[in-house]
Amino acid sequence: MLKASDVMTKDVATIRSSATVAEAVQLMRARDWRSLIVERRHEQDAYGIISESDIVYKVIASGKDPHQVRVYEVMTKPCITINPDLGLEYVARLFANYHLHRAPVIQGELVGIISITDILAQSEFLEQPYSVLLEQQLQDEIKKARTVCTQKGANSEECAAAWDAVEEMQSEIAHQKAEKVSTTPFDNDSYEDEALEARLYER
């Protein structure tokens with residue numbers, strides 16, 4: 001069985017917890033990363049993680065200034081970490097159980113990061129990758145988007161940003177699987193109509 005170390009990305013970006021969210025966004029854009037590992041303050045400290053979703057839901061959707069908000073205010077810490085020797089199927093189940101998109105790979109120190117797309121790229125080795133990962137993660141993103149739209153309004157900019165996150169996840173998965181996303185288990189829910197409506201917000 002493949003292990004986490006076989007598919008993880010070794011090129012990992014880290015950021016200080018005291019940095020601003022604007023700095024985090026700048027670093028993400030510069031290297032086309034979707035998350036950053038938050039550095040430990042000392043050897044016994046836990047690692048943290050800040051993702052695009054954290055920024056969208058906790059900063060943008062709340063109307064906060066990313067130049068004023070610090071990483072430690074929106075990051076997840078301690079975050080779930082993965083042992084590099086853990087089998088890929090077990091990593092997939094862990095991601096599904098805790099609704100993770102990515103997690104740092106730790107063996108004493110930070111050695112890499114593993115994401116849903118890393119797992120999907122090796123999906124032929126998993127028992128039920130689509131039902132275990134794709135469906136559950138996409139459903140989680142759609143649920144978050146609907147929550148934001150209920151709170152902020154269907155025509156709000158925050159709602160549109162939330163649906164952008166859903167479409168971004170679809171595109172990322174489709175890119176890794178080298179195929180176009182056609183239908184999903186949520187087509188009957190007409191979530192695409194909801195996403196389209198959210199694009200009509202007034203600026």
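Quantities reported herein were computed from a predicted structural model and do not represent experimental measurements.
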| query | What residues form a side chain to side chain contact (heavy atoms under 4.5 Å, CB included) with Lys58, not counting sequence neighbours? | reply | Asp54, Val74, Thr76
| field | Side-chain heavy-atom pair Tyr98, Arg93 within 4.5 angstrom cut-off | value | no
| field | Chi angles and distances behind the side-chain contact (heavy atoms from CB on, under 4.5 Å) call for Arg102, Ser35 | value | CA-CA 8 Å; Arg102 53 192 60 81; Ser35 64; 2.5 Å; yes
For residues 2-13, run the donor-acceptor check on the side chains, cut-off 3.5 Å, and write out each pair with its distance to 0.1 Å, sequence neighbours left out.
{"unit_1": "Ser5", "atom_1": "OG", "unit_2": "Pro84", "atom_2": "O", "d": "3.2"}
{"unit_1": "Asp6", "atom_1": "OD2", "unit_2": "Lys3", "atom_2": "N", "d": "2.8"}
{"unit_1": "Asp11", "atom_1": "OD2", "unit_2": "Arg31", "atom_2": "NH2", "d": "2.6"}

Please list, one pair per line, the donor and acceptor atoms closer than 3.5 Å that link side chains of residues 17-28 to other protein atoms, with sequence neighbours excluded.
{"unit_1": "Thr20", "atom_1": "OG1", "unit_2": "Glu23", "atom_2": "N", "d": "3.1"}
{"unit_1": "Thr20", "atom_1": "OG1", "unit_2": "Glu23", "atom_2": "OE1", "d": "3.3"}
{"unit_1": "Glu23", "atom_1": "OE1", "unit_2": "Thr20", "atom_2": "N", "d": "2.8"}

| request: Mind checking side chain to side chain contact (heavy atoms under 4.5 Å, CB included) for Gln151 and listing every partner two or more places apart, or none if nothing turns up? | output: Thr147
| Hey, does Ile80 have a side-chain heavy atom less than 4.5 Å from the side chain of Leu94? | yes
| Nearest heavy-atom pair of Val38 and Ile49: which atoms, and what distance? | CG2-N, 3.9 Å
| field | Summary of salt bridge (charged side-chain N to carboxylate O under 4.0 Å, His left out) pairs that have at least one residue in residues 68-77, sequence neighbours excluded | value | Asp45-Lys77
| said: Give me the atom names and distance for the closest heavy-atom approach of Val71 to Ile15. | reply: CG2-CD1, 4.2 Å
| said: Can you give me the closest heavy-atom contact between Phe95 and Ile82, atom names plus distance? | reply: CE1-CD1, 4.3 Å
| task | Applying side-chain contact (heavy atoms from CB on, under 4.5 Å), run through Gln107 and Asp85 and close with a yes or a no. | result | CA-CA 9 Å; Gln107 192 168 48; Asp85 294 324; 3.6 Å; yes
| request: Could you tell me which residues satisfy side chain to side chain contact (heavy atoms under 4.5 Å, CB included) with Gln68, sequence neighbours excluded, listed by chain and number? | output: Asp65
| request: Could you give me the CA-CA distance, side-chain angles and deciding distance for Val91 and Ile114, then say whether side-chain contact (heavy atoms from CB on, under 4.5 Å) is met? | output: CA-CA 9 Å; Val91 176; Ile114 186 168; 4.0 Å; yes
| request: Please determine, by modelled atom types, if His101 and Glu141 share a side-chain donor-acceptor pair under 3.5 angstrom. | output: yes
| query | How would you list, by chain and number, every residue that makes a side-chain hydrogen bond (donor to acceptor under 3.5 Å, both in side chains) with Glu39, sequence neighbours excluded? | reply | Thr14
| request: Answer yes if Leu36 and Tyr72 sit in the same cluster of Ile, Leu, Val, Met, Phe, Trp and Tyr residues linked by side chain heavy atoms under 4.5 Å apart, and no otherwise. | output: yes
| note | Minimal heavy-atom distance between Tyr57 and Ala145, with the atoms involved, is OH-N, 4.4 Å
